[in-house]
Amino acid sequence: MRIKTRFAPSPTGYLHVGGARTALYSWLFSRHAGGEFVLRIEDTDLERSTQDAIDAIMDGMNWLNLDWDEGPYFQTKRFDRYNAVIDGMLEQGTAYKCYCSKERLEALREKQMENGEKPRYDGHCRDSQCSHGADEPHVVRFRNPQEGSVIFDDKIRGPIEFSNQELDDLIIRRTDGAPTYNFCVVVDDWDMEITHVIRGEDHINNTPRQINILKALGAPVPEYAHVSMILGDDGKKLSKRHGAVGVMQYRDDGYLPQALLNYLVRLGWSHGDQEIFSIDEMKALFTVEAINKSASAFNTEKLQWLNHHYINHMPAEEVAVHLAWHVEQQGIETRNGPELKDIVKLLGERCKTLKEMAESCHYFYQDFSEFDADAAKKHLRPVARQPLEAVRAKLAAIADWTPENVHDAIQGTADELGVGMGKVGMPLRVAVTGAGQSPGMDVTVQAIGQARSLERIDRALGYIAEREAQA
Ligand code: GLU
């Protein structure tokens with residue numbers, strides 16, 4: 001069988017992590033089987049759907065590199081098709097027009113509630129023989145079977161059964177002529193030949209209704225897999241309170257899409273105790289059966305750990321592509337400094353996010369206006385003048401500007417003065433980076449460049465001289 005899955009977001013907000021995980025699972029399932037993946041925008045709720053949300057979904061899918069073979073389809077562009085199917089059902093008798101007034105339905109509801117019954121349509125118009133004018137307001141209802149039950153074998157949860165008595169005759173077309181949500185999903189899954197529906201568990205209750213309509217249409221019934229929800233680290237449903245906004249926020253916060261995908265795949269799915277999965281491994285190993293039934297809790301620390309791993313294990317050139325965006329956000333011009341891939345290698349160990357990396361790489365490209373006050377107070381003291389002057393001379397004399405030669409200049413200075421490396425390295429660090437923390441001095445000074453390093457040492461010497469004058 002040719003496998004075809006879909007991701008069908010409603011564009012009423014960001015593509016949040018729960019949606020992204022559902023998209024990932026559907027995508028992986030089809031990719032694993034060499035099948036196809038459809039993107040469908042379920043925008044029938046005209047009041048809540050926005051273009052911004054559509055853009056955010058597309059941005060998220062593109063950033064995560066979850067590519068689709070068909071679509072994006074938009075349900076609002078398919079109303080003619082849905083209406084044609086409804087008209088066919090009316091002819092066949094699998095649907096009927098319901099003329100019940102709002103008042104009647106309201107009264108019915110109240111009575112049912114009073115009797116402790118679940119509110120449901122009582123089928124008043126189902127077999128009514130009353131005649132009505134062609135333009136008399138009405139809705140169209142699906143003629144749901146009244147006997148038996150709907151059973152489906154959820155690929156994650158096992159068999160799920162709903163009695164047909166629990167399901168009333170669903171409105172499939174409103175008075176204003178608009179087809180309703182569950183109906184559009186059914187026609188789409190049918191037309192798009194979806195074989196496997198992987199979606200959030202909040203749709204379990206829709207499934208028996210959708211199956212009944214599919215059967216009435218003579219359409220094949222796909223397999224269903226309902227994924228559990230994601231909780232925040234406090235055990236409550238993940239929401240904005242947890243900072244769980246759109247996936248693009250994770251880009252803004254400095255996460256690599258590979259790290260987020262790896263995090264999301266493991267959030268509710270496992271393969272032994274393996275934690276790190278390349279995209280190819282995910283595709284090769286993913287099965288729906290290995291998705292966890294219970295809810296999973298989001299853990300930002302683990303995501304950070306994975307991000308750190310990917311920053312340091314992915315080819316630096318690839319990480320640099322993502323870093324470039326952050327560096328641009330910081331307004332840093334990188335033409336006259338080290339290549340970004342070298343920044344990744346230099347700062348990868350000490351940064352959990354690319355945002356952090358972009359924020360701490362300024363001194364490679366831009367002169368700083370002031371030394372960090374504490375660092376300068378501690379390390380740019382009169383005693384540092386001699387080692388700084390000595391190391392400056394050695395650095396100035398280097399013909400081949402390599403980290404090894406920079407290292408030898410620092411080491412040589414320390415040896416000649418009979419002091420530890422730190423007595424040379426720390427003033428030098430503050431002089432060239434402006435602060436007390438950086439990667440190793442040899443690679444840092446080398447990356448900053450010879451002329452720029454010498455200029456900055458001169459500036460630090462000027463600072464020390466001023467201090468001496470004030471003393
Ligand atoms: N549009 C629905 C949602 O965003 C998904 C429907 C489905 O997957 O069947 O929750």
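The first residue of the sequence shown is numbered 1, and numbering continues consecutively from there. Just follow the structure's listing: the first ligand is 1, and inside any ligand the first atom is 1.
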* Asked: Between CE of M192 and OG1 of T5, what distance do you get to the nearest 0.5 Å?
  -> 12.5 Å

* To do: Pick one of side chain, backbone, both or neither for how P9 approaches ligand 1, counting any non-hydrogen atom pair under 4.0 Å.
  => backbone

* Asked: What atoms of ligand 1 come within less than 4.0 Å of a heavy atom belonging to E42?
  -> 1 (N), 2 (C), 5 (C), 6 (C)

* Between F29 and F37, does the ring centroid distance fall short of 6.0 Å? -> no

* So is F7 in contact with ligand 1, going by heavy-atom distances below 4.0 Å? -> no

* Asked: Taking distance alone, with no angle check, do Q210 and ligand 1 share an N/O pair under 3.5 Å?
  -> no

* To do: May I ask you to check whether H203 has an N/O atom sitting below 3.5 Å from an N/O atom of ligand 1?
  => yes

* To do: Report yes if the distance between the aromatic ring centroids of F286 and Y25 is under 6.0 Å, otherwise no.
  => yes

* Of all the non-hydrogen atoms in the protein, which one sits nearest to atom 6 (C) of ligand 1, and at what distance? -> Y181 OH, 2.8 Å

* Asked: Which atoms of ligand 1 have any heavy atom of A8 under 4.0 Å away?
  -> 1 (N), 2 (C), 3 (C), 4 (O), 5 (C), 6 (C)

* To do: Among all protein heavy atoms, pick the one closest to atom 4 (O) of ligand 1 and tell me residue, atom and distance.
  => S10 N, 3.1 Å

* Provide the number and element of each atom of ligand 1 under 4.0 Å from a heavy atom of R6. => 7 (C), 8 (O), 9 (O)

* **Enclosure of E301 CD (heavy-atom neighbours >12, cutoff 6.0 Å)** => no

* Asked: Is Y224 touching ligand 1 with its side chain, its backbone, both, or neither, if touching means heavy atoms under 4.0 Å apart?
  -> neither

* To do: Output yes when D43 and R78 qualify as a salt bridge under the 4.0 Å nitrogen-oxygen rule, no when they do not.
  => no

* Asked: When you look at CD of E91, are more than 12 heavy atoms from neighbouring residues, nucleotides or ligands closer to it than 6.0 Å?
  -> no

* Near E281 CD, under 6.0 Å, is it more than 12 heavy atoms from other residues, nucleotides or ligands? -> yes

